[in-house]
Amino acid sequence: MNFNAGPAALPLAALDRAREELLDFEGSGMSVMEHSHRGKVYEKVHSEATALVAELLGTPLDTWDVLFVQGGASMAFAQIPMNFLGPNMTADYVVTGAWGEKAVAEARTIKALGGGEPHVAASTKGADKSYVRVPKQEELTLTPNAAYLHVTSNETIHGVEYAVGPEMPFPKAAVPIVVDMSSDILGRRVDASQFDMIYAGAQKNIGPSGVTIVALKKEMTARGRKDIPTIFQYRTVAENQSLYNTPPTFAIYLVRNTLTWLKSEGGVAAIEARNRKKAAAIYAAIDGSGGFYRCPVEPACRSIMNVVWRLPTAELEETFVKEASAQRMVGLKGHRAVGGIRASIYNAAELSWCEALAAFMKDFAKRYG
Ligand SMILES: *Cc1c(COP(=O)(O)O)cnc(C)c1O
């Protein structure tokens, strides 16, 4: 039972298919990763993967560019201001956790190189330096004519997610909205049309590490600067169907396998129903523990992808992780920046794992509470 935060569990069906196809891909006598990225055999995989992202995310290819790039979401933190935050411009950032902080910090480095100014439109960092919620719309100090507004839909480390219920919807703005969806992309239904750019490292919800999905409305791609290095322009990647340089073909192949599995499971609506059940099982174990377990996140913003909680002491948390691991539950140690416990329960994590974890939590609380 793999609760790793990323790289994370992959669906068995996607891995099985990879094993079966590994040595002889579609009768070609070699593996998919040995094919030219410009040959017919790989081309089919590449366009299938692109089409699956577009279909499942709701970003149709006539109005959106769907790209595969490298460097992770971390590179996007720099590449986005490089492309869109030119001199004398401002970009607004909503910060609801550690990843949003990093995005702002990278934008500041681009300012130092002659870019525009990142502005924190809202930060929900508490007095104890932690994040337990997303802001309400009226808390945002938006810049008129900002180059874009940047939002993190799910803060993976703090377990804070936007719009898990209707009370805390995504921010609205009259400028393009860019969203880092690394840890909840395709984990639930989201109306993509409210955004102008969606990006996500694949290694949490939709594949292995090594590839990043970037979807931009075509007007957004066109808006990018032309005086930055060619390879960093999203335009370059879009004009070349993500084949400007050699893409991570095997990672894209595994994204294709993973999304084929997602579709066969009933698509995003079906996976969302399952994801909500998974999260509910663990939150119920926390809330039903009489205070032994504490989730710091406000209920309206509790992530359905990364459930975080504390035990009464750091020693008990260590014992919890150790005993869970003896029961074959791995990856439960909280991020080193915040401590505590975190269960990452992306699409490929099974409901039965979450139920087993909840049962273990009840038993543990009985013994140590
Ligand atoms: C994991 C994560 C990142 C960083 O991803 P890399 O692919 O390691 O660069 C950025 N943002 C969010 C929300 C994440 O969960």
Side-chain angles (χ1 to χ4, degrees), residues 2-10 53 57 67-82 93-107 109-110 118 123-125 130-134 148-164 170-171 177-188 190 195 197-215 232 237 247-248 251-252 254-255 258 275 279 297 301-308 331 333-338 342-349:
N2 178 359
F3 296 102
N4 278 333
L10 286 163
V53 174
L57 195 56
L67 315 177
F68 294 114
V69 299
Q70 292 183 261
S74 301
M75 193 170 92
F77 292 165
Q79 201 175 350
I80 290 162
M82 278 171 89
Y93 282 77
V94 183
V95 180
T96 52
W99 292 114
E101 279 182 14
K102 286 212 162 122
V104 176
E106 284 298 84
T109 69
I110 301 304
S123 165
T124 54
K125 192 175 211 160
S130 195
Y131 292 90
V132 298
R133 66 184 187 93
V134 300
Y148 56 84
L149 171 70
H150 183 279
V151 180
T152 312
S153 57
N154 181 55
E155 279 287 355
T156 322
I157 294 172
H158 293 91
V160 173
E161 191 170 15
Y162 257 109
V164 284
F170 285 109
I177 303 181
V178 175
V179 60
D180 174 2
M181 239 184 230
S182 290
S183 50
D184 63 351
I185 189 168
L186 302 182
R188 59 177 168 148
V190 165
F195 304 115
M197 173 172 178
I198 298 169
Y199 68 99
Q203 71 272 16
K204 281 145 192 165
N205 234 355
I206 52 176
S209 61
V211 65
T212 310
I213 280 77
V214 178
F232 294 133
V237 188
I252 293 168
L254 282 167
V255 167
T258 304
N275 286 341
V297 183
C301 319
R302 284 180 173 183
S303 174
I304 58 169
M305 296 274 99
N306 309 94
V307 182
V308 300
K333 198 168 155 43
H335 190 277
R336 60 189 187 282
V338 295
R342 170 175 57 173
S344 297
I345 48 173
Y346 307 121
N347 289 351

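Heavy-atom basis, side chains included; hydrogens, waters and symmetry copies ignored. When a ligand or atom number is given, it counts from 1 through the structure's own listing order.
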Pairs of nitrogen or oxygen atoms, one from ligand 1 and one from the protein, closer than 3.5 Å: please tabulate them with distances.
from, atom 1, to, atom 2, distance (Å)
ligand 1, 7 (O), Ala73, N, 3.4
ligand 1, 7 (O), Gln203, NE2, 2.9
ligand 1, 9 (O), Ala73, N, 3.2
ligand 1, 9 (O), Ser74, N, 2.8
ligand 1, 9 (O), Ser74, OG, 2.6
ligand 1, 11 (N), Asp180, OD2, 2.6
ligand 1, 15 (O), Thr156, OG1, 2.4
ligand 1, 15 (O), Lys204, NZ, 2.7

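The aromatic rings of Tyr148 and Tyr93 stand perpendicular to each other, their planes meeting at an angle above 60°, with 30° marking the opposite boundary. Using cut-offs of 30° and 60° for the angle between ring planes, the Tyr131 and His158 rings count as perpendicular.
Side chain of Gln79 to backbone of Phe232: a donor-acceptor contact under 3.5 angstrom is found. Between the side chain of His335 and the backbone N or O of Ala337 there is at least one donor-acceptor pair closer than 3.5 Å.
A salt bridge links Arg188 with Glu161; the closest basic N to acidic carboxylate O contact falls under 4.0 Å.
No side-chain heavy atom of Phe68 sits less than 4.5 Å from a side-chain heavy atom of Pro248.
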